[in-house]
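Take a look at the structure set out below.
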There are 2 protein chains.
Amino acid sequence: MFVKVDFVGGEGMRVTQPRTVKRQARGRQRIADILDAALALFAENGYERTSTNAIAARAGMSPGSLYQFFPNKEAIADALSTHLVEQMRDAHSSAFDLARVTDLTLHELIDRMVDPLIAFNATHPGAKALLANTDMPAGAQGAARPLHEAVVDRVAAIIQARVPTLPATERDLAAMVSVRIVAAMMPPIVAAEGAERRALTAELKKALYGYLAPLDPDGS
Amino acid sequence: MFVKVDFVGGEGMRVTQPRTVKRQARGRQRIADILDAALALFAENGYERTSTNAIAARAGMSPGSLYQFFPNKEAIADALSTHLVEQMRDAHSSAFDLARVTDLTLHELIDRMVDPLIAFNATHPGAKALLANTDMPAGAQGAARPLHEAVVDRVAAIIQARVPTLPATERDLAAMVSVRIVAAMMPPIVAAEGAERRALTAELKKALYGYLAPLDPDGS
DNA sequence: GACGAACACGAGTGATCGCTCGTATTGTGC
DNA sequence: GCACAATACGAGCGATCACTCGTGTTCGTC
């Protein structure tokens, strides 16, 4: 499931291990196992309450083996969040890039942006929860910041395309609020299934429409 | 600042100390000191990363003294969240109870409900953050659940008063979404000051109005 | 002023945790 | 098949933490 990650440490890291290690297929698989185990355990019990020995055990290896792939516990969290953020960014770009936004009605535009996001978050439960979790180390949380900023920027760009006359300040504000509304509704949507999820999704879209319609030329 | 709390333990508690202790004025003050110190440290470093010895030190006492007032670390978190929830509930009721809601315009209604909430959260920074924090023990988080449900219920009641024809399902959904929108905007509003806070507050109200107006008789 | 309860202290205890290290096995390049 | 890197193991080290306990001090009450 996971693949990359060769720890070539950040700034303040004391690297006991060699800078770069030529991973064999076996090693890459082990890294994936560690990240899978860590994701599950972090989501279950939180970062602090999860011991590295427990991660190693869940990944089917000894503590010593785990530390052949990661220099410390924090590096596991960082690698995990980096990986999650990458996947989320991919999902986001597929949601944002397509189509000339000016040709769509506001309803259509909202559909095109919201639906893929919900699909991604639904298939990756725990991803958002982990990145938003305050007990994760600073590095793991910080990894999500650029993503959030990028998302807000893109929404702002779309708003500008549709309403070029809107002052920059108001436009950025509207983008931020829109993103926050989506984020606020995501947990219950992901937790729900079937008809309930559809109902919640429809409600989210109503909220977005109600907020954005007064700004939009399409808003009747 | 804080006062009550005599630990007469919940269900599964092993109480080494006597069930009830007659607190002297000195003791009540010490309890307040402990809760103040814990609130600050939990907000700074999170629950897990805060040691009981550190709480005692910040409160100006020895670890032994701390444990004369609380049976364990979790009890401190519980007492803290219970206290916070009580204060928030008071602030909420003053926001909800007054005035016959049917006599107000939707704009006025939103003002009357949102402004006191913002005022409370602004003067109690960290309160909401603590209660929403996932690394707090289950008991401390659970304490906020009844409050949230009560708030949603009250909003639902207000919606029903204004739009009696709305089906119960839709009404409850609208209440939940409204509360989530408010909660989502609260952190940046609390973090901001002056003009910025006012701008964010206005934006929150716009979002609420846009979402609720289609349901409301006043909405046009 | 005496007596018990509440309050206060802080060194210490047992358990846990992140991480190491010495050693043994497996894979790769030649 | 040899040499070396990569992988693997798990007992255990040092540090930290929640909490205890023995002892001493202050308060309320009569």
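This one's a predicted model, so the numbers in the text were calculated from it and none came from an experiment. Basis for what follows: all heavy atoms, side chains included, without hydrogens, waters or symmetry-related copies.
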What's touching nucleotides 27-30 of chain C from the protein side, N or O pairs under 3.5 Å?
none

Going by an N to O cut-off under 4.0 Å, is there a salt bridge joining Asp33(A) and Arg26(A)? no

Can you name the residues that form a salt bridge (charged side-chain N to carboxylate O under 4.0 Å, His left out) with [X], not counting sequence neighbours?
X         : answer
Glu196(B) : none
Asp90(A)  : none
Asp153(B) : none
Lys206(B) : Glu203(B)

Validation: residues 37-46 of chain A side-chain donor-acceptor distances under 3.5 Å, sequence neighbours left out:
from     : atom 1 : to       : atom 2 : distance (Å)
Glu44(A) : OE2    : Arg58(A) : NH1    : 3.3
Glu44(A) : OE2    : Arg58(A) : NH2    : 3.3

d([atom1], [X]; [atom2], [N]) in whole Å:
X        : N       : atom1 : atom2 : answer
Gln29(A) : dA8(D)  : CD    : P     : 10 Å
Phe70(B) : dC17(D) : CZ    : C1'   : 19 Å
Arg30(A) : dT26(C) : CZ    : P     : 13 Å
Asp33(A) : dT7(D)  : CG    : P     : 13 Å
Met61(B) : dT26(D) : CE    : P     : 17 Å
Ile76(A) : dC19(C) : CD1   : C1'   : 11 Å
Ile34(A) : dC9(D)  : CD1   : C1'   : 14 Å
Arg23(B) : dA8(C)  : CZ    : P     : 10 Å

Distances under 3.5 Å between protein N/O atoms and the N/O atoms of nucleotides 13-18 of chain C, please, pair by pair.
from    : atom 1 : to       : atom 2 : distance (Å)
dG18(C) : OP1    : Thr50(A) : O      : 3.2
dG18(C) : OP1    : Lys73(A) : NZ     : 2.7
dG18(C) : OP2    : Thr52(A) : N      : 2.7
dG18(C) : OP2    : Thr52(A) : OG1    : 3.3

Suppose we call a contact any N or O donor and acceptor under 3.5 Å apart; does that hold for the side chain of Gln68(B) and the base of dA8(C)? yes

Going through the checks in order, is the salt bridge (charged side-chain N to carboxylate O under 4.0 Å, His left out) test met by Asp115(B) and Lys205(B)? CA-CA 10 Å; Asp115(B) 289 335; Lys205(B) 290 175 181 176; 2.8 Å; yes

Sequence-distant partners of Ala175(A), side chain to side chain contact (heavy atoms under 4.5 Å, CB included), two or more places apart: Val152(A), Val155(A), Ala156(A), Ile159(A)

Using the side chain to side chain contact (heavy atoms under 4.5 Å, CB included) criterion, which residues pair with Ser51(A)? Sequence neighbours excluded. Asn53(A), Ala54(A)

Counting the atoms with a prime plus P, OP1 and OP2 as sugar-phosphate, which does Gly27(A) contact under 4.0 Å by heavy atoms, base, sugar-phosphate, or nothing? sugar-phosphate

Is the phosphate of dC9(C), meaning OP1 or OP2, less than 4.0 Å from a side-chain N or O of Ser65(B)? yes

